[in-house]
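Here is the structure we will look at, set down as structure tokens.
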Amino acid sequence: MGASAPRARVTARVSSGALKWPPMTDTASALPFSTSRRGAVHRWSRTLIPTMRDAPADAELPSHIFLTRAGYIRKVGAGVYDYLPLAKRVLTKIETIIREELDAAGACEMLVPHIVPIELYAGTKRDIDYGDLLMRFTDRHGREAALGPTHEEIVTEMLKGSVNSYKQLPLNVYQIQTKFRDEFRPRAGLLRGREFIMKDAYSFHLTLEGEGGLNDTYDAMYTAYVNTFRRCRLDFSVVEAEAGPIGGSASHEFMVNCETGEDTIMVCPESGYAANVEKCEIGERAYAFDEGPVADLKTNHTPAMPGIELVAEHLGTTPDGMLKTIVMQPAGEVNADGNGGPRWVLAVVRGDHEVNEGKVRDAVGFAVEMADEKAARDAGFAIGYVSPRAATMIEGCILVIDPDASGLRADWATGSDKADHHDTGFNWTRDFAGELPASGSAGPDKQVQTGSVKVADIRNAISGDPSPRAAGSSLEARRGIEVGHIFKLGTKYSDAFEFSVLDAQQQRQPVIMGCYGIGVSRTMAACVEMSHDENGIIWPAPVAPYHALISLVKPEDEASQQACEQIARELSERGVDVLVDDRKERPGVKFKDADLIGIPVRVTIGPKTLEKGGAEVKHRREDGFGELVTIDDVAERVSVRLRDA
RNA sequence: CGGGGUGUAGCGCAGCUUGGUUAGCGCGCUUGACUGGGGGUCAAGAGGUCGGGAGUUCGAAUCUCCCCACCCCGACCA
């Protein structure tokens with residue numbers, strides 16, 4: 001603002017009543033910086049908190065319902081929300097915690113554009129990997145671009161232009177900004193939006209190990225994340241995870257332990273091992289192929305039955321009595337068609353289990369993907385009705401069997417390798433023409449092979465599976481909300497962008513990268529999921545929009561105003577953020593709203609409390625009136641209550 | 001992307017089957033009065049392109065067609 005600009009009025013005149021606002025201390029300092037943080041003091045009547053008695057019909061989860069009802073967020077479109085003043089304050093607090101922890105871990109903040117020219121994806125093919133999830137647009141000149149879902153490309157490109165010596169490494173940069181993903185199905189309010197606030201960090205290294213290596217920074221970031229989520233008072237688990245479409249080698253997810261979460265994680269209560277379902281290993285399981293037949297092989301007509309449930313019912317069995325045979329093929333460039341390599345991979349699991357592509361890849365030693373349906377049909381597979389026998393009838397097949405789908409059961413129901421038919425009474429020993437391995441057991445690091453038949457762990461873990469880390473212990477499934485994810489990326493992006501530096505021996509070395517994300521808006525929602533009751537939100541103090549709420553039962557009462565002003569000033573000086581409910585509403589309305597918006601400590605001032613000698617102080621979790629405290633002692637009392645909030 | 005569903009006031013809904021006064025109800029909002037510690041009472045008000053377009057009809061929120069938006073389940077997914 002220029003010197004000639006009219007001076008803004010600091011104190012707006014209050015329409016009635018004589019509250020001076022904001023309460024000024026005599027140190028209205030001229031310093032351009034603050035020596036100690038003074039808490040904000042805001043009036044409810046002068047901010048925007050549109051509370052609602054009813055939640056919108058589409059809100060189902062507590063975080064969605066309460067954030068909407070309490071006036072934090074408002075829906076603009078599918079998966080797109082306004083952040084109103086209360087929400088913005090929470091987001092800022094979460095961001096501040098993140099900044100403090102990341103800065104302490106040696107990262108530095110920057111900002112890159114939301115708009116990513118599509119050519120930047122040329123090297124990494126992420127425009128294809130991300131597919132429709134990428135929010136694309138074309139500008140007036142016909143140039144294609146995307147709104148960034150993350151910014152590996154643009155950051156790598158930026159660093160490439162400014163870093164060319166090993167002496168400039170390691171480097172760890174981060175930003176906090178809005179990200180975009182065109183979700184097929186946004187849902188659950190802030191938990192899965194198409195536009196969301198995310199902190200993303202990228203680190204660059206010459207080496208993996210040693211000082212300044214990726215592992216060092218990865219560990220520092222791991223610690224920073226633990227600190228961050230602890231400071232948000234979240235109950236969370238750190239789980240091992242697959243790197244996913246972002247590519248790379250190792251990663252951990254930070255999952256808030258919450259039943260309403262969308263993600264399933266597997267934990268071993270004995271060893272503490274935790275992993276997401278896709279990544280989770282399963283302990284050793286027995287398999288066998290020596291059970292003799294107990295029933296005749298019979299072919300049944302099963303037309304027009306989508307889903308294994310229906311087929312099982314029709315055959316008089318259940319999904320766990322069926323074999324599911326999935327036809328896969330070598331993925332991408334690994335496709336060995338034409339040079340004698342395997343052309344198909346048949347993965348066999350029990351009907352109630354799910355094939356895990358990553359595990360199949362590990363079992364056969366090359367990447368696989370679902371077979372192209374047309375090509376598979378042309379090769380002779382009766383897609384939808386395939387049995388393990390197809391492996392012996394069609395050229396170039398590798399058969400991989402999950403232990404639970406082995407001959408532990410003497411008669412299986414399975415496809416008949418012809419359309420609209422399923423067999424019952426299938427017995428591995430009698431009905432499979434190929435050679436089968438001897439009985440034994442297979443675990444995560446162990447697979448058994450005979451010719452082109454393997455037995456290996458190739459399915460997603462489920463609750464009750466043996467733990468891979470503690471013999472005799474079982475895995476348990478829990479739900480979680482993913483709020484953080486850290487990856488060791490390796491050289492995927494630096495290779496693609498030819499980002500390399502000269503090392504001390506004047507050798508050109510590709511830069512090794514890590515990347516680290518935190519869902520900021522999702523973290524806010526996770527806090528609400530974790531901490532609420534039937535009346536509304538209960539914020540943990542470190543992320544609460546205000547620490548204390550002063551409810552004026554009778555706002556026009558002068559004595560109440562004076563007490564409020566004193567308390568607000570003293571709290572502010574202590575660094576406590578204060579919201580004063582100065583609305584001319586009935587007490588019942590104010591208390592209901594107070595519970596809804598969830599400020600941790602409430603101070604109630606009214607003629608009656610003053611008559612009794614002070615104000616009432618209570619924590620959001622407590623019912624009723626709270627403790628009576630003299631006005632002079634309120635600030636201290638509130639501070640104490642906040643300390644353990 | 002498959003299946004199902006919904007669009008009527010800021011929010012929650014009724015009306016549509018069987019077309020026909022001025023499109024209703026609750027909450028919220030405005031004004032006034034009485035009230036005054038857990039969404040109070042009474043009175044008077046404001047607020048609507050009935051998602052959009054086309055059609056049928058003397059007449060459409062209502063029937064037909066097309067489009068759009070949104071939601072749920074599934075599949076997918078940091």
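Computed from a predicted structure; not experimentally measured. A note on names: the letters A, B, ... follow the listed sequences, proteins ahead of strands, and every chain is numbered from 1.
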Enumerate the protein-to-nucleotides 36-38 of chain B contacts in which both atoms are nitrogen or oxygen and the separation is below 3.5 Å.
unit_1 : atom_1 : unit_2   : atom_2 : d
B:G37  : OP2    : A:Lys608 : NZ     : 2.9
B:G37  : N1     : A:Glu616 : OE1    : 2.9
B:G37  : N1     : A:Glu616 : OE2    : 3.0
B:G37  : N2     : A:Glu616 : OE1    : 2.4
B:G38  : O6     : A:Arg602 : NH1    : 3.4
B:G38  : O6     : A:Arg602 : NH2    : 3.3
B:G38  : N1     : A:Asp595 : OD2    : 3.2
B:G38  : N2     : A:Phe591 : O      : 3.1
B:G38  : N2     : A:Asp595 : OD2    : 2.2

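- Ring geometry for A:His252 versus A:Tyr218: interplanar angle of 30 to 60°, hence tilted.
- Remark: the separation of the P atoms in B:U64 and B:U57 is 16 Å, to the nearest Å.
- Remark: A:Lys75 pairs with A:Asp58 by the salt bridge (Lys or Arg N to Asp or Glu O under 4.0 Å) rule, at least two apart or across chains.
- B:G55 and B:C63 make up a base pair, with Watson-Crick or G-U wobble contacts both under 3.5 Å.
- Comparing B:G7 with B:G53, their C1' atoms sit 16 Å apart, to the nearest whole Å.
- Listed by first and then second residue, the salt bridge (Lys or Arg N to Asp or Glu O under 4.0 Å) pairs that reach into residues 525-535 of chain A are A:Asp533-A:Arg620, sequence neighbours excluded.
- Comparing A:Asp263 and A:Gly77, the nucleotide of RNA chain B nearest to each residue sits closer to the 5' end for A:Gly77.
- When both pairing distances are held under 3.5 Å, B:G2 makes a Watson-Crick or G-U pair with B:C73.
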If you restrict it to nitrogen or oxygen atoms, what contacts under 3.5 Å exist between nucleotides 43-52 of chain B and the protein, and what is each distance?
none

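- Each salt bridge (Lys or Arg N to Asp or Glu O under 4.0 Å) pair with one or both residues in residues 596-612 of chain A, not counting sequence neighbours, would appear here, but there are none.
- The distance between atom CD1 of A:Ile265 and atom P of B:C77, rounded to the nearest whole Å, is 18 Å.
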So which protein N/O to nucleotides 1-11 of chain B N/O distances come out below 3.5 Å?
unit_1 : atom_1 : unit_2  : atom_2 : d
B:C11  : O2'    : A:Asp54 : O      : 3.4

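- B:U41: Watson-Crick or G-U partner is B:A33, with both key distances under 3.5 Å.
- Rounded to an integer number of Å, the gap from A:Ile49 CD1 to B:G28 P is 18 Å.
- Applying the Watson-Crick and G-U wobble criteria (two distances, each under 3.5 Å), B:C25 pairs with B:G12.
- With C1' as the reference atom, B:G52 and B:G45 are 32 Å apart, rounded to whole Å.
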